[in-house]
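Keep in mind the model is a prediction, meaning the values are calculated, not measured.
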Amino acid sequence: MKKGFKQIKESITKEEYKKLLHFTSNDINIKDNSKQNLLRTFTILYFTGLRLNELQQMKLQHIKELLENGVTKLILPKTKSERKLFASKEFKKELKPLFEEQLQSDTLDIRVITKKSTNSSINSDVFIKQVNSKIKEILGDGYTSHSFRQGLITQMGAKGINAKIISKFIGH
């Protein structure tokens, strides 16, 4: 690639999403907690188009609301704006097994993505590097975590959804 040219990022479609889940689930070299974090990340990003730093704000309470009510609200610290997330039947079906154990707990104030030993947040830069590294390993250089947003926008556009609605849905 010539210097100064930026490679166009690919969109993650259902096919790539399933490939990410398959290879991550079957990778014996990934520690259980990291595997769980990656599977949760890929699923939530695929269905919501969140950014990774927005995902890191999610708590188990948000997951419970999505599963029970089909909707939840995140308050994004950077912009102090509200982001509404919706859960389709398919999203709920994929989300539920990823959180069954944790949702039995009384503590729903724990983040969705955590370090195993402390239940504390993972450093944002470390998390972003880990996720993007795994995506590139499985899908190739044309993909990043932002490819989930692009994929969702493309899907919505292909269905004829108004651009203003898409923009609002992805938090612009």
TODO: Quick one: pull up CD in Gln61 and OG1 in Thr107 and give me the separation to the nearest 0.5 Å.
DONE: 11.5 Å

Task: Evaluation steps, salt bridge (Lys or Arg N to Asp or Glu O under 4.0 Å), between Glu137 and Lys134 - done: CA-CA 5 Å; Glu137 176 188 322; Lys134 185 50 77 177; 3.1 Å; yes

Task: Phe148 and Phe42 aromatic ring geometry - parallel, tilted or perpendicular at 30°/60° bounds - done: parallel

TODO: Indicate yes or no: at least one non-hydrogen side-chain atom of Glu101 is less than 4.5 angstrom from one of Gln36.
DONE: no

Open item on the list: Would you compute the distance between atom CZ of Arg40 and atom CG of Leu55 and round it to the nearest 0.5 angstrom?
Closed with: 10.0 Å

Task: Side-chain heavy-atom pair Lys14, Tyr46 within 4.5 angstrom cut-off - done: yes

- [ ] Using modelled atom types only, decide if a donor and an acceptor are shared between the side chain of Asn132 and the backbone of Ser145 within a distance under 3.5 Å.
- [x] yes

Task: Nearest-0.5 Å distance that lies between atom CD1 in Ile128 and atom CD1 in Ile122 - done: 11.5 Å

- [ ] Give, for atom CD of Gln56 and atom CZ of Arg111, the distance between the pair rounded to the nearest 0.5 Å.
- [x] 8.0 Å

Task: Closest approach of Ile12 to Leu20 (non-hydrogen atoms, all atoms of both residues) - done: CD1-CD1, 4.1 Å

- [ ] In plain terms, say whether Lys18 and Glu94 are close enough for a salt bridge, that is, a side-chain N and a carboxylate O under 4.0 Å apart.
- [x] yes

Open item on the list: Could you tell me if the side chain of Leu50 sits less than 4.5 Å from the side chain of Leu74, heavy atoms only?
Closed with: yes

TODO: Decide, yes or no, whether a salt bridge links Glu90 with Lys93 under the criterion of side-chain N to carboxylate O below 4.0 Å.
DONE: no

TODO: Using modelled atom types only, decide if a donor and an acceptor are shared between the side chain of Ser147 and the backbone of Glu10 within a distance under 3.5 Å.
DONE: yes

- [ ] Examine distances only and state if a side-chain atom of Asp109 and a backbone atom of Lys59 form a donor-acceptor pair shorter than 3.5 Å.
- [x] no

Open item on the list: Show the nearest heavy-atom pair for residues Lys136 and Tyr143, with the distance to one decimal.
Closed with: CG-O, 3.5 Å

Open item on the list: A quick test of your reading: do over 12 heavy atoms of other residues, nucleotides or ligands sit less than 6.0 Å from CG of Asp32?
Closed with: no

Task: Glu100 side chain to Gln104 side chain, donor-acceptor N/O pair below 3.5 angstrom - done: no

Task: Considering all heavy atoms, the nearest His62-Gln57 contact - done: CE1-O, 4.1 Å

TODO: Would you check, one step at a time, whether the test side-chain contact (heavy atoms from CB on, under 4.5 Å) holds for Val126 with Lys115?
DONE: CA-CA 12 Å; Val126 170; Lys115 292 180 189 172; over 6 Å; no

- [ ] Flag the pair Gln102 / Ile110 as yes when at least one side-chain heavy-atom distance between them is below 4.5 Å, and no otherwise.
- [x] no

Task: Closest contact, heavy atoms only, Ile138 versus Thr24 - done: CD1-OG1, 3.6 Å

- [ ] Provide the closest heavy-atom pair for Lys35 versus Asp27 in the form atom of the first, atom of the second, distance.
- [x] NZ-O, 3.0 Å

Task: Aromatic plane relationship, Phe47 with Phe91 - under 30° parallel, 30 to 60° tilted, over 60° perpendicular - done: parallel

Task: Which atom of Thr48 lies closest to which atom of Arg83, heavy atoms considered - done: O-NH2, 3.1 Å

Open item on the list: Checking side chain to side chain contact (heavy atoms under 4.5 Å, CB included) between Leu98 and each of Leu103, Asn37, Ile63, Thr43, which is the one that passes?
Closed with: Thr43

